[in-house]
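Worksheet: the structure to be examined is printed underneath.
If you're wondering where the values come from, they're calculated on a predicted model, not measured in any experiment. Every number for a ligand or one of its atoms is a count from 1 in the order of the listing.
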Amino acid sequence: MSKYWNERVHNLDPYVPGEQPKDRRYIKLNTNENPYPPAPGVLQAIKDAADDQLRLYPDPNEDELRAALAAHYNIQSDNIFVGNGSDEVLAFSFMTFFSPDRPVMFADITYSFYKVFANLCELQPAIIPLNDNFEIPVEAFCEQSGGAVIPNPNAPTGREIPVQAIRKILEADPDRVVIIDEAYVNFGGETVIPLIKDYPNLLVVHTLSKYSALAGIRVGYAFGDPGLIQGLNRLKNSINSYTIDRLALAGAKAAIEEDDYYSQMAQRVIRTRENTVKSLDEMGFSIIPSRANFIFITHPDYPAEDLFHKLRTRGILVRYFSQSRISDYLRVSIGTDEEMKQFVQTMRELLG
Ligand SMILES: *Cc1c(COP(=O)(O)O)cnc(C)c1O
């Protein structure tokens with residue numbers, strides 16, 4: 001608290017990021033980072049970009065990167081916006097497309113940053129409760145008008161909704177923007193990027209932080225109709241025109257060319273996820289079906305918060321949310337086979 005804060009900052013309720021502790025070595029299963037390293041070509045490209053050109057500003061329009069993305073996704077450069085992590089893309093999108101006179105819809109159990117952005121922009125959140133199975137109630141998203149933001153797969157549940165459901169939500173109100181946050185789509189989900197040609201109110205958001213193992217360089221994308229992208233650029237150029245530094249531009253461009261590597265790593269993560277699910281199921285856990293690089297689990301006899309603390313003491317970090325409806329759950333990122341073996345073994349010990 002400080003008397004120098006303005007009213008807006010006084011009223012904020014900021015996001016609390018997952019811990020990145022430095023006191024010891026942990027098996028880190030708490031922030032959905034990729035357990036595998038970035039592709040070798042990506043690291044080389046970043047090293048090569050560390051030269052005397054760094055005295056110059058980076059390209060504020062990210063032309064080369066957007067051209068590579070356009071070719072990769074079979075869209076146009078003017079369908080693409082690049083941001084400093086998808087959190088920035090999402091923040092800019094809230095500021096560009098939503099206004100205080102119409103609600104913005106998101107689920108009660110979802111990526112908690114949406115509420116933070118809504119609060120920052122002084123919007124009216126319309127909180128849509130997931131059903132008892134933690135599924136997105138598609139009808140509820142169609143009934144109300146106003147903006148909508150949905151991660152697909154959802155976080156922290158890992159559940160996916162089908163493309164057909166997203167079409168329905170887009171068609172329910174063509175006058176509002178629907179943001180589909182596909183941070184985890186490459187771990188077994190289906191992207192709706194091809195739909196941007198048919199729906200001028202669809203914005204699809206991606207990140208390099210999970211699938212591309214580049215949480216450390218902060219790059220995210222938005223894909224949409226040129227009208228939406230122009231709006232994002234207007235906002236960006238009113239805040240900071242150089243959001244993506246030269247090293248990040250080089251790394252991001254190389255990541256597109258390394259898709260074979262990344263899809264193999266994602267296949268590994270998926271296999272490890274399914275093996276982990278099997279082991280936990282045998283131990284009596286309920287596991288929400290996941291299409292992401294994490295699982296959301298609960299045990300009828302062991303309180304999640306207690307397990308969270310005990311795992312931490314044993315050097316394993318997972319994510320616990322003390323929030324109603326999910327306070328009996330743990331979100332566990334999928335690590336390497338070796339890490340997950342240790343996680344399962346430790347769980348067995350804790351359960352006796
Ligand atoms: C991790 C995550 C993001 C943020 O990604 P960054 O690009 O690292 O900012 C956005 N949305 C969801 C649902 C996420 O889980």
Once the angle between the rings of F187 and Y184 is folded into 0 to 90°, is it parallel (under 30°), tilted (30 to 60°) or perpendicular (over 60°)? tilted
Min heavy-atom dist R218 to ligand 1 below 4.0 Å: yes
Quick one: sort the F285 and H299 rings into parallel, tilted or perpendicular, breaks at 30° and 60°. perpendicular
Contacting atoms of ligand 1, where contact means under 4.0 angstrom from a heavy atom of S209: 6 (P), 7 (O), 8 (O)
Within 4.0 Å of some non-hydrogen atom of A183, the atoms of ligand 1 are 11 (N), 12 (C), 14 (C)
State if Y184 counts as touching ligand 1 under the rule of any non-hydrogen atom under 4.0 Å. yes
The closest protein heavy-atom partner of atom 11 (N) of ligand 1 is D181 OD2, 2.7 Å
At what distance is the nearest protein heavy atom to atom 5 (O) of ligand 1, and which residue and atom is it? S86 OG, 3.0 Å
Tested for side chain to side chain contact (heavy atoms under 4.5 Å, CB included) against Y211, the lone hit among N186, V269, N293 is N186
Less than 3.5 Å between some nitrogen or oxygen of Y111 and one of ligand 1, yes or no? no
For the residue pair Y111 and Y114, is the inter-centroid distance of their aromatic rings smaller than 6.0 Å? yes
Under 3.5 Å between any N/O of N32 and any N/O of ligand 1: does that happen in this structure? no
ring-ring contact (aromatic ring centres under 6.0 Å, His included) involving Y4 - partner list, sequence neighbours excluded: none
Within a distance under 4.0 Å of any heavy atom of G85, pick out the atoms of ligand 1 and give their elements. 7 (O), 9 (O)
Identify, by atom number and element, the atoms of ligand 1 in contact range of K210, meaning under 4.0 Å from any of its heavy atoms. 1 (C), 2 (C), 3 (C), 4 (C), 5 (O), 14 (C), 15 (O)
Do the rings of F296 and Y329 sit parallel, tilted or perpendicular, given the 30° and 60° boundaries? parallel
Classify the side-chain pair T336/E338 by whether it contains a donor and acceptor separated by less than 3.5 Å. no
For ligand 1, is there an N or O atom under 3.5 Å from any N or O atom of Y114? no
Would you say the side chain of R102 lies within less than 4.5 Å of the side chain of S145, judging by non-hydrogen atoms? yes
